[in-house]
Amino acid sequence: MEPCLELLEQLRKEFDLDEPDIREYSPLSLAYIGDAVYELVVRTVAFHRINAQVGKINKLGAKYVSAKAQARIVRLLLPELTKEEADVFRKGKNAKPISVAKHQTISDYHRATGFEAMIGYLYLNRRWDRIVQLIHLGITRYDAKESR
């Protein structure tokens, strides 16, 4: 996983970015970056799982990135979260967003926001290993539950 850490360091160096004090960021700010990180992981997995047209790759990835899917994935992960991760998830889930995505329930949207906040928190703490572990476990459990 080292190249991802090098990328984050390279971004900080090239763009002269300060080392963030993560405690100063709102849960919604953490969710903003977490959404992008989660999307990157899911797109990478989809890209490598099937060698197909972009539309088919996107369809596979879209299966995991909706608020409904993220809410289900995080429910399956809750027993595996550390206290710290669960706290960040809870704060993100309880944050008051300005708007709610169309075609999503409010509870799913809030859970998805909490999940994204947790991913953002882990990313900014350079815990790429934990991000990959949790997303892999979540997707694996989600697929197993969906196939029943």
Side-chain angles (χ1 to χ4, degrees), residues 1-17 19-20 22 25-82 84-86 88-93 95 97-148:
M1 296 302 134
E2 195 62 29
C4 293
L5 297 178
E6 292 172 12
L7 174 62
L8 184 56
E9 292 309 312
Q10 187 68 25
L11 289 171
R12 288 197 174 121
K13 178 182 171 187
E14 292 295 323
F15 288 91
D16 194 28
L17 303 176
E19 182 71 30
I22 298 164
Y25 285 89
S26 74
L28 294 177
S29 293
L30 294 175
Y32 173 78
I33 194 71
D35 176 54
V37 171
Y38 181 69
E39 178 86 21
L40 178 62
V41 172
V42 168
R43 283 181 180 227
T44 301
V45 170
F47 177 81
H48 285 282
R49 280 195 177 169
I50 60 173
N51 182 8
Q53 297 168 327
V54 172
K56 290 180 182 177
I57 297 170
N58 189 55
K59 186 175 179 181
L60 175 60
K63 174 181 174 181
Y64 304 109
V65 297
S66 70
K68 182 177 180 179
Q70 288 181 22
R72 286 182 181 172
I73 287 170
V74 78
R75 275 192 212 108
L76 296 168
L77 290 174
L78 284 174
E80 310 302 326
L81 300 183
T82 66
E84 181 180 34
E85 292 163 351
V88 174
F89 164 73
R90 181 184 45 77
K91 288 175 186 173
K93 182 181 75 143
I98 294 171
S99 64
V100 178
K102 296 177 185 177
H103 313 295
Q104 307 295 331
T105 68
I106 291 173
S107 63
D108 281 352
Y109 186 76
H110 285 290
R111 280 188 185 90
T113 301
F115 176 67
E116 292 167 350
M118 182 189 67
I119 296 296
Y121 177 83
L122 291 170
Y123 173 74
L124 292 173
N125 275 301
R126 299 176 176 93
R127 292 294 318 276
W128 195 260
D129 57 330
R130 184 66 173 154
I131 292 169
V132 173
Q133 179 186 37
L134 287 172
I135 294 174
H136 179 257
L137 182 61
I139 286 175
T140 301
R141 288 181 178 177
Y142 178 83
D143 285 344
K145 193 164 185 144
E146 291 290 304
S147 67
R148 289 186 216 160

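Count residues from 1 along the sequence.
Judged purely by atom type and a 3.5 angstrom limit, N125 uses its side chain to pair as donor or acceptor with the backbone of Y121.
Around the NZ atom of K68, the shell of radius 6.0 Å holds no more than 12 heavy atoms that belong to other residues, nucleotides or ligands. Around atom CZ of R43, no more than 12 heavy atoms belonging to other residues, nucleotides or ligands sit under 6.0 Å away.
Between L134 atom CG and R127 atom CZ the span is 8.5 Å, to the nearest 0.5 Å. Y109 OH to K93 NZ: the interatomic distance, rounded to the nearest 0.5 Å, is 15.5 Å. Distance CG/D143 to CD1/I73: 8.0 Å, rounded to 0.5 Å. Once rounded to the nearest 0.5 Å, the distance linking CG of L81 with CE of M118 reads 5.0 Å. Here the CZ-CG distance, from F47 to L40, works out to 12.0 Å after rounding to the nearest 0.5 Å. The CG atom of D35 lies 9.0 Å from the OG1 atom of T113; values are rounded to the nearest 0.5 Å.
Between Y123 and I22, every side-chain heavy-atom pair lies at or beyond the 4.5 Å cut-off. Between R130 and T82 there is a side-chain heavy-atom pair separated by less than 4.5 Å. Side-chain contact between L122 and V88: absent, with no pair of heavy atoms (C-beta onward) separated by less than 4.5 Å. Side-chain atoms of K56 and K59, non-hydrogen and from C-beta on, never get closer than 4.5 Å to each other. Annotation: side chain of R111 is in contact with side chain of F89 (closest heavy-atom distance under 4.5 Å).
Closest approach of L76 to P79, counting heavy atoms only: O-CD, 3.8 Å. The minimum heavy-atom distance between A95 and P27, with the atom names listed, is CB-CB, 4.2 Å. Taking both residues in full, the closest heavy atoms of I57 and A46 are given as O-CB, 3.7 Å, listed atom of the first, atom of the second, then distance. Across I119 and I131, no two heavy atoms sit closer than the pair O-CD1, 3.8 Å.
Taking Y38 as the reference, F115 meet the ring-ring contact (aromatic ring centres under 6.0 Å, His included) condition, with sequence neighbours excluded. By the ring-ring contact (aromatic ring centres under 6.0 Å, His included) test, Y142 pairs with Y64, sequence neighbours left out.
R141 has a carboxylate O that lies under 4.0 Å from a charged side-chain N of E80, or vice versa, which qualifies the two as a salt bridge. Ion pairing between E146 and R72 holds under the 4.0 Å rule for side-chain N and carboxylate O.
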- Checking side-chain contact (heavy atoms from CB on, under 4.5 Å) for the pair I139/V45: CA distance, chi angles, key distance, verdict? CA-CA 10 Å; I139 286 175; V45 170; 5.5 Å; no
